[in-house]
Protein chains: 2
Amino acid sequence: MKTVDQHMTTPKFAQIKQFIVDNIRSSAWLENQRVPSENELAEQFSVSRMTARRALSELTEAGILTRSQGLGTFVASFKSQSSLLEIKNIADEVKARNGNYSCTVLVLESISAVAPIAIALGVEVDSVVFRSVLVHNENEQPLQVEERFVNPALAQSYLQQDFTALTPHEYLSSVAPLTEARHTVEAIMPNSEMCQWLNLYHEEPCLQVIRRTWSSAGIVSFARLVSPGSKYRLGGHLTFKKQH
Amino acid sequence: MKTVDQHMTTPKFAQIKQFIVDNIRSSAWLENQRVPSENELAEQFSVSRMTARRALSELTEAGILTRSQGLGTFVASFKSQSSLLEIKNIADEVKARNGNYSCTVLVLESISAVAPIAIALGVEVDSVVFRSVLVHNENEQPLQVEERFVNPALAQSYLQQDFTALTPHEYLSSVAPLTEARHTVEAIMPNSEMCQWLNLYHEEPCLQVIRRTWSSAGIVSFARLVSPGSKYRLGGHLTFKKQH
DNA sequence: CAAGCTATCTTGTATATACAAGATAAATGT
DNA sequence: ACATTTATCTTGTATATACAAGATAGCTTG
């Protein structure tokens with residue numbers, strides 16, 4: 001027979017969090033409904049107000065409750081829960097499913113920036129910028145093309161790197177710590193060059209992620225990640241997770 | 001002349017958070033580097049350990065620091081910072097850019113579930129499920145088609161709703177509080193029916209978001225959101241935001 | 001020399017206390 | 001009857017204190 005050793009109890013604040021989450025999950029407490037105050041919880045659970053407060057604060061931080069001074073604490077409306085998608089590192093993603101990851105460097109050059117690229121990088125038109133085109137492969141099949149334009153002022157030795165060993169993102173993170181990133185996701189039709197790179201025989205729609213990254217010194221780089229719609233998707237997962 | 005009333009000072013814990021974030025942003029403290037301990041911060045800022053602790057704890061929760069008992073607190077590695085995309089409510093999104101939002105109900109019926117739909121909803125094959133097809137319009141132009149399959153056990157009166165007033169997502173949230181949601185994003189080529197719905201004259205790639213939502217009682221619904229690649233994109237924004 | 005112990009640092013949990021500040025309802029005064 | 005004040009409840013900030021528990025360096029002992 002297995003008995004739980006109650007020496008290692010779950011912390012009190014975690015028990016209170018669990019109690020609250022259970023009540024919300026079971027619909028005993030509905031959206032926008034008021035939950036017990038700090039003092040009420042403290043009395044119910046025989047803990048100090050600060051401990052009850054911790055449970056409420058952490059659930060508020062997690063977006064499950066909302067609080068307002070003088071009024072009380074309420075079950076957050078689901079609408080306010082934003083649905084998030086994660087953009088993972090593609091090398092890690094391939095390795096996570098036991099695929100064989102490899103990377104081919106197609107282009108590594110310095111070019112003269114035409115207007116849209118210069119604007120996206122925040123440099124002057126016709127100034128020199130670095131450009132790389134890599135193909136990320138899973139089991140020797142192209143999975144994603146990464147075309148990247150880099151601000152040379154912030155990564156002088158970009159062209160000397162071996163990107164089969166260290167991804168551009170990892171290299172850039174090390175030389176110019178990132179402070180901000182913006183993404184947009186679109187569905188596009190690849191042009192013929194992209195079809196070649198992705199080894200596509202017939203045209204098919206592709207997912208395109210545009211990623212711009214900032215460091216404290218300015219815009220570092222501007223990447224275009226293109227994957228065939230039949231091979232790649234972005235996944236997201238949102239859950240009222242069990243409070244540990 | 002306008003003078004800042006220093007009666008309303010920013011809280012001490014927020015100042016400490018700002019101090020830490022500034023050091024990370026300016027690269028004074030690098031990835032995985034150790035940051036001052038609770039006691040050191042408490043002394044530097046002349047606050048109690050609990051106040052310093054609050055700053056460290058909240059930054060840890062935000063993913064900017066990592067802590068381990070007995071060792072110390074460290075600057076989180078950027079790699080662990082996941083890049084997130086937000087899937088917003090399309091009605092809100094249209095209204096946010098001052099567009100005229102409207103919704104057309106194309107289909108509202110009960111059907112017999114074929115295998116893939118039955119599996120996705122967790123019901124038996126050939127059992128009755130509800131299906132709705134709506135078009136979300138911006139300025140009278142189709143922006144997104146929402147095809148949704150609903151588990152009738154968890155939303156009996158789904159077919160009686162007026163979805164031009166309340167979106168299916170809002171209705172379902174109210175009758176079966178959601179506990180979990182999963183999304184995948186793909187690039188697809190629309191079939192002819194979808195082209196009609198989206199009023200597309202020539203074929204173009206589309207973004208397709210598949211969303212499955214759970215409540216505590218089981219899978220509630222299964223939605224397919226399709227938008228033309230030329231009109232719709234998902235946006236994401238990740239930042240080491242200024243600590244309030 | 002090596003194993004084990006100890007001192008000391010770290011974070012983690014928990015309490016009691018104090019005062020500030022927002023919100024609301026009841027009591028009060030005109 | 002209406003406006004103002006007051007009391008009371010709420011959350012927010014901050015401190016001082018206590019002990020638990022993980023990690024590590026250095027000391028002690030066999």
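Just so it is clear: chains get the letters A, B, ... in the order the sequence lines come, proteins before strands, and each one is counted from 1.
For dT11(C), one of the phosphate oxygens OP1 or OP2 lies less than 4.0 angstrom from a side-chain nitrogen or oxygen of Thr73(B). Contact annotation: Arg67(A) side-chain N/O to dT10(D) OP1/OP2 distance is not under 4.0 Å. Of the side-chain N and O atoms in Asn39(B), one or more sit less than 4.0 angstrom from OP1 or OP2 of dT10(C). One finds no side-chain N or O of Ser48(B) lying less than 4.0 angstrom from the OP1 or OP2 phosphate oxygen of dA16(D). Phosphate contact (OP1/OP2 of dT15(C), side-chain N/O of Thr51(A), threshold under 4.0 Å): present. Contact between the side-chain N/O atoms of Ser68(B) and the OP1/OP2 oxygens of dT11(C) is not found at any separation under 4.0 Å.
Of the options Glu40(A), Glu38(A), Glu43(A), a salt bridge (charged side-chain N to carboxylate O under 4.0 Å, His left out) to Arg49(A) is made by Glu38(A) and by none of the others.
No hydrogens or angles were tested; on distance alone, a donor-acceptor pair under 3.5 Å links the side chain of Arg49(A) to the base of dG12(D).
Both Gly70(A) and Met50(A) sit near DNA chain D, but only Gly70(A) has its closest nucleotide nearer the 5' end.
The six-membered or imidazole ring of Tyr158(A) lies away from that of Phe149(A), with a centre-to-centre distance of 6.0 Å or more.
Here the nucleotide nearest the side chain of Glu38(B), chosen from dT11(C), dA14(D), dT24(D), is dT11(C). For Gln69(A), the listed nucleotide lying nearest its side chain is dA20(C); candidates were dT11(C), dA14(C), dA20(C). Residue Phe13(A) places its side chain closer to dA14(C) than to any other of dT15(C), dA14(C), dT11(C).
The NZ-C1' distance, from Lys12(B) to dA20(C), rounds to 13 Å in whole Å. Between Leu65(B) atom CG and dT11(C) atom P the separation is 11 Å, expressed in whole Å.
Using a 4.0 Å cut-off between a side-chain N of Lys or Arg and a carboxylate O of Asp or Glu, Glu138(A) and Arg97(A) qualify as a salt bridge.
Within the nucleic acid shown, Arg53(A) comes within 4.0 Å of at least one base atom, counting heavy atoms only.
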*Quick one: do Asn89(B) and Glu93(B) satisfy side chain to side chain donor-acceptor pair (under 3.5 Å)? Show the steps, please.*
CA-CA 6 Å; Asn89(B) 183 313; Glu93(B) 211 169 316; over 6 Å; no
